[in-house]
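Worth saying up front: this structure is predicted, and the values here are computed from it rather than measured. Order of the sequence lines fixes the chain letters, A, B, ..., with proteins taken first and strands second; residue numbering starts at 1 for each chain.
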There are 2 protein chains.
Amino acid sequence: MSTAGAVRAGSERRDEILAIAAELFAERGFAATTVRDIGDAAGILSGSLYHHFDSKESMADELVHELLDRVLAAYRRIVATDDDPERALRALVHEAFSAIATDRATVAVMVNEWSLFTQYPRFAYLRGIEEETERLWVTVIDRGVDTGVFRAGLDARMVYRLLRDAIWVSVRWYDPKGDDTADEIADAYLAVLLDGVAGARRGAVR
Amino acid sequence: MSTAGAVRAGSERRDEILAIAAELFAERGFAATTVRDIGDAAGILSGSLYHHFDSKESMADELVHELLDRVLAAYRRIVATDDDPERALRALVHEAFSAIATDRATVAVMVNEWSLFTQYPRFAYLRGIEEETERLWVTVIDRGVDTGVFRAGLDARMVYRLLRDAIWVSVRWYDPKGDDTADEIADAYLAVLLDGVAGARRGAVR
DNA sequence: GTCTATATTGAGATAGAC
DNA sequence: GTCTATCTCAATATAGAC
């Protein structure tokens, strides 16, 4: 009956508390958020949180792990399904921005606390997920170079990092109530990435 | 006699301790670094740090403030000096990557703790610096659009954010001992930004 | 599933001697 | 400029009643 992957199935109350914790972690930072803050926001005492969770860390762990499992699964589907490199890259970028739209707080936690979390053994899986993600994106970029739709001589790994960093950190200024939807930002970023900002044909490497 | 701008002049010992603190903040995170850690690394007791600094916060404050003042001054010089939009943009990007090379630890602290610091009144100046920085970069991009060297209809603010985010977060994977120098990464990023990754001329908006 | 009550630890910071 | 010694507070987490 469980929908879970790596993560324990959760009651509704649990999920509710997790969502509250995510908002607080995103807003104040993981370290600066106390279990009392979370309890207060959830309308219970801090001690009662430990009926649902082992520790403050495990809350962040569940949030981030569950998100990344979902995103990675989507990446896998895209790369396995779509043979066209440009369309696949577009889909990957839209998928990431979609996660920012649907799970803003958790993405913010991931982005802001990445350096912190990757220090702890409990978050060791982050490396694995990050490696597979890189492999998938780089595969798509390399395919594009092979088929000639992307420029020859491109450093796929560097392009991936540029894009990954720019996309995820946008969660820091992304405003769900703002003028631009996540898909619109995705398209704007893709426009720059694919065609560049230079207006006139240049005597460059192409 | 003082070399300082907004920041108190410092003895050599002070600077040494600041550099040590920067490394620890960058490595373990600001919150996870204790004043005892800093004292240990500096070879003194934690209490002795308070002869040099008011608080742990003030150490991070000095580090980040001093760095951003220097970088902003460089940006100002570039924008005031160079009329050519593409050359100015190149210089801005190289300037940022140069800061990553020379002040890796402090840049990492700034990037990792930005969301945390901007919450505190003491770091209110971050907003001001960020705003002026955005204005400077956007000015250069808009100039490029006006003179036709950058594509018409470009959202300068979005391009700035994309670039800013991608550049600064690269401090998380930048390896001073790695194959690529900061200038090489800057050029690679600029190549993507200016010309895009698409290899063939496309029937796009240009 | 939440509360009462509290154990325990570790943090930032201070006062005054040397 | 550093040390000795310590204060004070706030944090995570636990035990057991309801």
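Here His52(A) reaches the OP1 or OP2 of dT2(C): one of its side-chain N or O atoms lies under 4.0 Å away. Residue Tyr50(A) has a polar side-chain atom (N or O) positioned under 4.0 Å from OP1 or OP2 of dA13(D).
What separates CD1 of Ile38(B) from P of dG12(C) is a distance of 8 Å, to the nearest Å. If you take CZ of Phe53(A) and P of dT12(D), they are 15 Å apart, rounded to a whole angstrom. Whole-Å rounding puts the Phe30(A) CZ to dT12(D) C1' distance at 11 Å. Between Met59(B) atom CE and dA11(C) atom P the separation is 14 Å, expressed in whole Å. Separating the CG atom of Asp37(B) from the C1' atom of dA11(C) is a distance of 11 Å, rounded to the nearest angstrom. If you take NZ of Lys56(B) and P of dA13(C), they are 8 Å apart, rounded to a whole angstrom. In this structure, CG of Asp40(B) is placed 12 Å from P of dG12(C), rounded to the nearest angstrom.
Note on Glu86(A) versus Arg90(A): salt bridge recorded, some NZ/NE/NH1/NH2 to OD/OE distance being below 4.0 Å.
For the residue pair Asp69(B)/Tyr125(B), the side-chain donor-acceptor check at 3.5 Å is not satisfied.
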Between the protein and nucleotides 3-6 of chain C, list the N/O to N/O atom pairs that are separated by less than 3.5 angstrom.
{"residue": "dC3(C)", "atom": "OP2", "partner": "Leu45(A)", "partner atom": "N", "Å": "2.7"}
{"residue": "dC3(C)", "atom": "OP2", "partner": "Ser48(A)", "partner atom": "OG", "Å": "3.4"}

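For the ring pair (Phe, Tyr, Trp, His ring centres under 6.0 Å) test, no residue two or more places apart in sequence or in another chain qualifies with Tyr120(B). Contacts of Tyr50(A) classified as ring pair (Phe, Tyr, Trp, His ring centres under 6.0 Å), with partners at least two apart in sequence or in another chain: none.
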For residues 15-23 of chain A, tabulate all N or O donor-acceptor pairs below 3.5 Å that involve a side-chain atom, not counting sequence neighbours.
{"residue": "Glu23(A)", "atom": "OE1", "partner": "Arg104(A)", "partner atom": "NH2", "Å": "3.4"}

Side-chain donor-acceptor contacts of residues 182-189 of chain A below 3.5 Å, not counting sequence neighbours, with atom names and distances?
{"residue": "Asp183(A)", "atom": "OD1", "partner": "His94(A)", "partner atom": "ND1", "Å": "2.7"}
{"residue": "Glu184(A)", "atom": "OE1", "partner": "Thr181(A)", "partner atom": "N", "Å": "3.0"}
{"residue": "Asp187(A)", "atom": "OD1", "partner": "His94(A)", "partner atom": "NE2", "Å": "2.9"}

In a table with atom names and distances, give each donor-acceptor pair under 3.5 Å that connects a side chain of residues 156-165 of chain B to protein atoms at least two apart or in another chain.
{"residue": "Arg157(B)", "atom": "NE", "partner": "Glu134(B)", "partner atom": "OE2", "Å": "2.5"}
{"residue": "Tyr160(B)", "atom": "OH", "partner": "Glu130(B)", "partner atom": "OE1", "Å": "3.3"}
{"residue": "Tyr160(B)", "atom": "OH", "partner": "Glu130(B)", "partner atom": "OE2", "Å": "3.3"}
{"residue": "Arg164(B)", "atom": "NH1", "partner": "Glu130(B)", "partner atom": "OE2", "Å": "2.5"}
{"residue": "Asp165(B)", "atom": "OD2", "partner": "Trp173(A)", "partner atom": "NE1", "Å": "2.9"}

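The listed nucleotides are dA11(C), dT2(C), dT12(D); the one nearest the side chain of Arg13(A) is dT2(C). The listed nucleotides are dG1(D), dA13(D), dG12(C); the one nearest the side chain of His51(B) is dG1(D).
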